[in-house]
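Report on the following structure.
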Amino acid sequence: MIHFFADQHYGARPGARLHQRLSPSWRGRVLLHEEEWDVLEGGRWQGDCELLVLNMIGGSCGQPHPGEGASRAVRAWCERGGNLLLLHGGSAAFWQWPWWRQAMAMRWVRPEDPDGAPPSFHPVHPYQVRRTGSSHPLVSRLRDMELPQDEIYAGLACAPSLEVLMESRVPEGCFPQCAVAPTPWGGIQLHFLPGHQPEAFQVPPLVENVERCMEYLLV
């Protein structure tokens with residue numbers, strides 16, 4: 001089972017909208033937990049988890065930041081070599097946890113970042129997403145995209161281990177849109193940064209790319 005934890009992201013509900021657009025074969029494998037923080041805290045999801053997907057920012061949208069039970073459960077998953085698919089702000093899902101910040105090879109930085117890193121920012125434009133010249137095997141399975149006006153995440157904190165697979169192109173420059181790196185425990189962290197507006201999930205290549213990312217992480 002793929003466990004997908006998402007917030008409502010100020011009413012936009014990107015996790016739920018993405019889940020609705022998945023093909024039936026994938027939707028049947030993905031269990032969406034929209035703001036089910038008790039499930040995350042309880043940790044029982046680890047028992048049948050094949051992949052952990054996050055589309056949430058801890059402490060945003062009026063929600064509490066996940067607590068110690070969630071930290072133990074997520075760290076146990078990572079320490080087993082579990083893979084992560086981090087959508088939109090998923091790299092900031094647990095930004096208050098020091099071990100999580102250190103593990104992220106690409107991280108959306110909150111203004112109140114405990115490490116004092118420069119905050120990330122998000123221009124708003126219609127934008128192109130293009131594959132890079134990376135030789136990573138996932139690149140050939142992804143599709144270039146033309147996306148409607150939305151937030152484009154920029155100014156993220158990036159580690160040298162990060163390999164960029166797709167870039168967002170806007171007047172402010174080119175920014176990583178899909179990137180991969182190992183976790184400190186031998187798993188894979190795959191970052192895919194579509195925006196959160198409802199119109200984004202009407203773009204078939206976006207949904208197909210998420211499915212290809214999940215397929216790659218489940219091999």
- Look at the rings of Trp108 and Tyr153 and say which category their plane angle falls in: under 30° parallel, 30 to 60° tilted, over 60° perpendicular. parallel

- In sequence, state the C-alpha distance, the side-chain angles, and the governing distance for Leu190 and Cys178, and then conclude on side chain to side chain contact (heavy atoms under 4.5 Å, CB included). CA-CA 7 Å; Leu190 181 54; Cys178 181; 4.0 Å; yes

- Message: Assess the residue pair His33 and Phe4 against the criterion (ring pair (Phe, Tyr, Trp, His ring centres under 6.0 Å)); give the C-alpha distance rounded to whole Å, side-chain angles, the decisive distance to 0.1 Å, and a yes or no.
- Response: CA-CA 6 Å; His33 306 282; Phe4 182 4; 9.1 Å; no

- Task: Indicate yes or no for a side-chain donor-acceptor contact from Asn209 to the backbone of Arg143 under 3.5 Å, with no hydrogens or angles considered.
- Result: yes

- Salt-bridge test for Asp113 and Arg107: reply yes if a basic N is under 4.0 Å from a carboxylate O, no otherwise. yes

- Quick one: are Glu41 and Asp38 in side-chain contact, heavy atoms under 4.5 Å? no

- Message: For the CH2 atom of Trp185 and the CD atom of Glu79, what is their distance to the nearest 0.5 Å?
- Response: 6.0 Å

- pair Cys49-Met1: side-chain heavy atoms closer than 4.5 Å: no

- Message: Do His88 and Met56 make a side-chain contact, defined as non-hydrogen atoms from C-beta onward lying under 4.5 Å apart?
- Response: no

- Task: Decide, yes or no, whether a salt bridge links Arg131 with Glu167 under the criterion of side-chain N to carboxylate O below 4.0 Å.
- Result: no

- Verify the cluster assignment for Phe192 and Leu138: are they in a single hydrophobic cluster under the rule of side-chain heavy atoms below 4.5 Å apart? yes

- Message: Is there a side chain to side chain contact (heavy atoms under 4.5 Å, CB included) between Arg29 and Leu22? Walk through the geometry before answering.
- Response: CA-CA 10 Å; Arg29 296 184 66 182; Leu22 293 173; over 6 Å; no

- Item | Side-chain heavy atoms of Tyr10 within contact of Ser60, under 4.5 Å | yes

- Task: Find the distance between CD (Gln128) and SG (Cys174) and round it off to the nearest 0.5 Å.
- Result: 9.0 Å

- Val207 side chain reached by Val203 side chain, heavy atoms, under 4.5 Å: no

- Message: Let me confirm one number: the CD-CG distance from Gln102 to Asp115, rounded to the nearest 0.5 Å.
- Response: 7.0 Å

- Kindly compute the distance separating SG (Cys213) from CG (Leu85), expressed to the nearest 0.5 Å. 5.5 Å

- Message: Hydrophobic clusters here meaning ILVMFWY residues chained together by side-chain heavy-atom distances under 4.5 Å, can you tell me if Val109 and Phe121 are in one?
- Response: no

- Message: Pair Ser71, Trp99 - check side chain to side chain donor-acceptor pair (under 3.5 Å), show working.
- Response: CA-CA 9 Å; Ser71 181; Trp99 72 265; 3.0 Å; yes

- Can you name the closest pair of heavy atoms from Gly15 and Asn55 and give their distance? N-ND2, 4.1 Å

- Report yes if the side chains of Val74 and Leu40 come closer than 4.5 Å at any heavy-atom pair, otherwise no. yes

- May I ask you to check whether over 12 heavy atoms, not counting those of Arg44, lie within 6.0 Å of atom CZ? no

- Message: For a quick test of reading the model, state the closest non-hydrogen atom pair linking Ala181 to Ala105 and the distance between them.
- Response: CB-CB, 3.4 Å

- Path from Leu54 to Val30 over hydrophobic side-chain contacts below 4.5 Å: no

- Query: Should His125 and Glu172 be marked as a side chain to side chain donor-acceptor pair (under 3.5 Å) after you check the CA-CA gap, both sets of side-chain angles, and the distance that decides it?
  - Reply: CA-CA 10 Å; His125 298 288; Glu172 289 82 356; 2.9 Å; yes

- Compare all side-chain heavy atoms of Val210 with those of Arg21 and state whether any distance is below 4.5 angstrom. no

- Message: What verdict does the ring pair (Phe, Tyr, Trp, His ring centres under 6.0 Å) test give for His196 and Phe201, after you've listed the backbone C-alpha separation in whole Å, the side-chain angles of each residue and the deciding distance to 0.1 Å?
- Response: CA-CA 8 Å; His196 66 268; Phe201 302 100; 9.0 Å; no

- Message: Keeping Asp150 on the side-chain end and Pro194 on the backbone end, is there a donor-acceptor pair under 3.5 Å?
- Response: no

- Query: If you round to the nearest 0.5 Å, how far is CZ of Arg110 from OG of Ser120?
  - Reply: 10.0 Å

- Query: In a check of side-chain hydrogen bond (donor to acceptor under 3.5 Å, both in side chains) between Arg13 and each of His19, Glu35, Glu34, which one passes?
  - Reply: Glu34

- Donor-acceptor pair, side chain of Trp26 and main chain of Glu215, under 3.5 angstrom: no

- Message: Within the structure provided, determine whether Ile152 and His122 are in side-chain contact (heavy-atom separation under 4.5 Å).
- Response: no

- With side chain to side chain donor-acceptor pair (under 3.5 Å) as the test, would you mind laying out the steps for Gln189 and Thr183 before giving the verdict? CA-CA 6 Å; Gln189 53 181 293; Thr183 70; 5.9 Å; no

- Message: Do Val164 and Met104 sit in one hydrophobic cluster, given that two such residues count as connected whenever their side-chain heavy atoms are within less than 4.5 Å of each other, even indirectly?
- Response: no

- Query: Is there a path of hydrophobic side-chain contacts, each under 4.5 Å between heavy atoms of I, L, V, M, F, W or Y residues, that connects Phe175 with Met166?
  - Reply: yes

- Task: Report the C-alpha distance between Val53 and Ile2 in whole Å, list the side-chain angles of each, state the deciding distance to 0.1 Å, and finish with yes or no for side chain to side chain contact (heavy atoms under 4.5 Å, CB included).
- Result: CA-CA 7 Å; Val53 181; Ile2 298 168; 3.6 Å; yes

- Task: Can you see which heavy atom on Val39 is nearest to which on Trp45, and at what distance?
- Result: O-CD1, 3.2 Å

- Task: Could you pull out the closest heavy-atom pair between Trp95 and Trp100, with the gap in Å?
- Result: N-CD1, 4.2 Å

- Query: How long is the span from the OG atom in Ser23 to the CZ atom in Arg27, to the nearest 0.5 Å?
  - Reply: 7.5 Å

- Task: Determine the minimum heavy-atom distance between Tyr127 and Glu151, stating which atoms define it.
- Result: OH-O, 4.2 Å

- Query: Got a salt bridge between Glu199 and Arg17, using NZ or NE/NH1/NH2 to carboxylate O under 4.0 Å?
  - Reply: no

- Message: Applying side chain to side chain contact (heavy atoms under 4.5 Å, CB included) to Leu31 and Phe5, what does each step give before you reach the verdict?
- Response: CA-CA 9 Å; Leu31 182 57; Phe5 289 92; over 6 Å; no

- Item | Minimum-distance pair of heavy atoms, taken over all atoms of Thr132 and Val139 | O-CG1, 4.0 Å

- Message: Between Tyr216 and His136, is the side chain to side chain donor-acceptor pair (under 3.5 Å) condition met? List the steps.
- Response: CA-CA 11 Å; Tyr216 169 75; His136 191 280; 3.2 Å; yes

